[in-house]
Amino acid sequence: MGKIYQLESKLQNLIAAGEVIENIANVVKELVENALDANSTEIDVSLDESGMKRIQVVDNGSGMDEADAKMAFLRHATSKIRTEYDLFHINSLGFRGEALPSIAAVSKVELITSEGNDAGIKVVVEDNVIKSVETVGARKGTSITVSRLFYHTPARFKYLKSTRQELAKIVELISKFALSHPKVAFSLENNEKTLLRTFQTGNIPDVIASIYGIVCAKAMLPFKGSTRDYHVEGYLSKPLETRSTRKDIHLFVNQRPIQDYQIQSTIIEAYGQLLPIKRFPIVTLLIEVDPQLIDVNVHPAKHQVKFSELDSLKALVYQSIKSALKDQSVYETYVVSDPFIKQEQALFVNEKLTPYEQTSLFEAKSPVSEQTTFPNLDYIGQYRGTYLLFQNEEGLYLMDQHAAAERIRYERYLLNMGNRKSDSYRLLLPITLQVSASEMTLIDEELTDKLLKLGVKIAFVKDGVEVTQIPHWFPRGHESEFAETMIKNLIDNRQAGAKELLNELAILLSCKHSLKANAYVDSENANELLSGLSKCENPFTCPHGRPIFVKLTKNELEKLFKRS
Ligand code: ZN
Ligand code: ZN
């Protein structure tokens, strides 16, 4: 008896919403979900022209017999869902059997499948009609080839974004499948070029290494936690490894990728002050829950789930992440005269400066606050390893040590950039970039040109991208970090002009490399910070716009103590 049943019509209507095949990524998603449902441990996706010409998914799963292979193309046949109840408590990934007829309605499909006992079966479907069924030699598993996608409705192609963006979407999709199925080996290639490959190690950091590179995988911390209803676990990036969008926060419920703004926000909240403003972590969060406690939105394009006890889930996520971040030493140790600063200063003195340009690359970010002159201050001490206390005739000053250090470094970077914006040099040893597989597909000619204008030259090599030329103002020892951050920011925000981009880079890197909260500062260091700040163009706010000083006047204090 076959594994696929036809659904009764009431149920058919319920899942009619599932018929949407809007773009290439949808097709790939449906086919990969089918492969996972068939218990495959190896799934190979290969595309021609980003899938516009051909999509092929080959798996080593259970395969189908002849009856099932033909039935698979019938509308509303499924092996997974049999009753309305099942539909609302979907434990499996998708609607196997539902996907194939929808795909066949807009393309030509060739299916080769075998259960491994005897020969395989090959079914060709065109115009939603079975054109041929024949016996062929085949190994255990299923291979589905989709071509001439949307040939009936060429207008659909208009709605597809550029092929590059479609491809990036597919890379992201396969990345998500791989993160939630570390025991399955995935491969993805386009025009015979491998874009992503994972191995069946069962180990999520290995998958992270395949997607984001080894460096990033090493910056991951595990976390986990449970309540009566939920179990959560996963990996999160240390606060120094951040991105400019939320798209690398991957959420899964029972191994199924979902989107949930509230849970994303909970994760970001758990990082709290450890994250720079407008920067986001890389997170894989796997939620396990009894399917009875969730409602899966049946529209397959939405990936949304309604949780009962959402608040307790949010609290669990928050606590698990918070404690993972607390247990580890994630703070950068800091010395005011760290080698990084010395190097930069040396860089200034030793090299011939290009004439300073009259039209500075940057205007001051905000007008100097009410206070126009920098106060003369005496150091008193440090409060909670985070605030530095100063005094003068007028009152008591509290300085946020991170904000102060950040401002000083930020202005130094800006000065560097302004001085030598067109000045760059060739690297003897090119830098190999650590970019994720989906970022890689988004590096195109336009982006390469923009980078060149900023002094960064890149070249495509066998397995990735190399940086061959960089501007002089990249601090020594941090060349790859600067190049990488610049390229990633540009990928995330293509519209950004040079000025905006460099400013973002200066803010990000100054934040990352500056003295953090919870670090001891002695009086010498405190005075160095103060004098550095006094030379700044805008010594009263950090580059993110937060205040550096809070002042309590003598009068205010006297009022508080009811002395006046
Ligand atoms: Zn900061
Ligand atoms: Zn700041």
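Keep in mind it's a predicted model, so treat the numbers as computed, not measured. Start at 1 and go down the list; that is how both ligands and their atoms are numbered.
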Between Phe482 and Phe474, how do the two ring planes meet: parallel, tilted or perpendicular, split at 30° and 60°? tilted

Check whether any side-chain N or O of Lys450 sits under 3.5 Å from a backbone N or O of Arg494 as a donor-acceptor pair, and report yes or no. yes

How far apart are the C-alpha atoms of Asp206 and Thr201, what are their side-chain angles, what is the distance that settles it, and do they pass the side-chain hydrogen bond (donor to acceptor under 3.5 Å, both in side chains) test? CA-CA 7 Å; Asp206 290 337; Thr201 64; 2.8 Å; yes

Among pairs that include at least one residue of residues 209-232, which meet salt bridge (charged side-chain N to carboxylate O under 4.0 Å, His left out), considering only residues two or more places apart or in two chains? none

Sphere of radius 2.8 Å around the Zn ion (ligand 1) - protein N, O or S atoms inside: His402 NE2, Glu406 OE2, Cys511 SG

Cationic N near anionic O, under 4.0 Å, Glu411 to Arg407: yes

How close do Val456 and Pro471 get, heavy atom to heavy atom, and via which atoms? CG2-CD, 3.8 Å

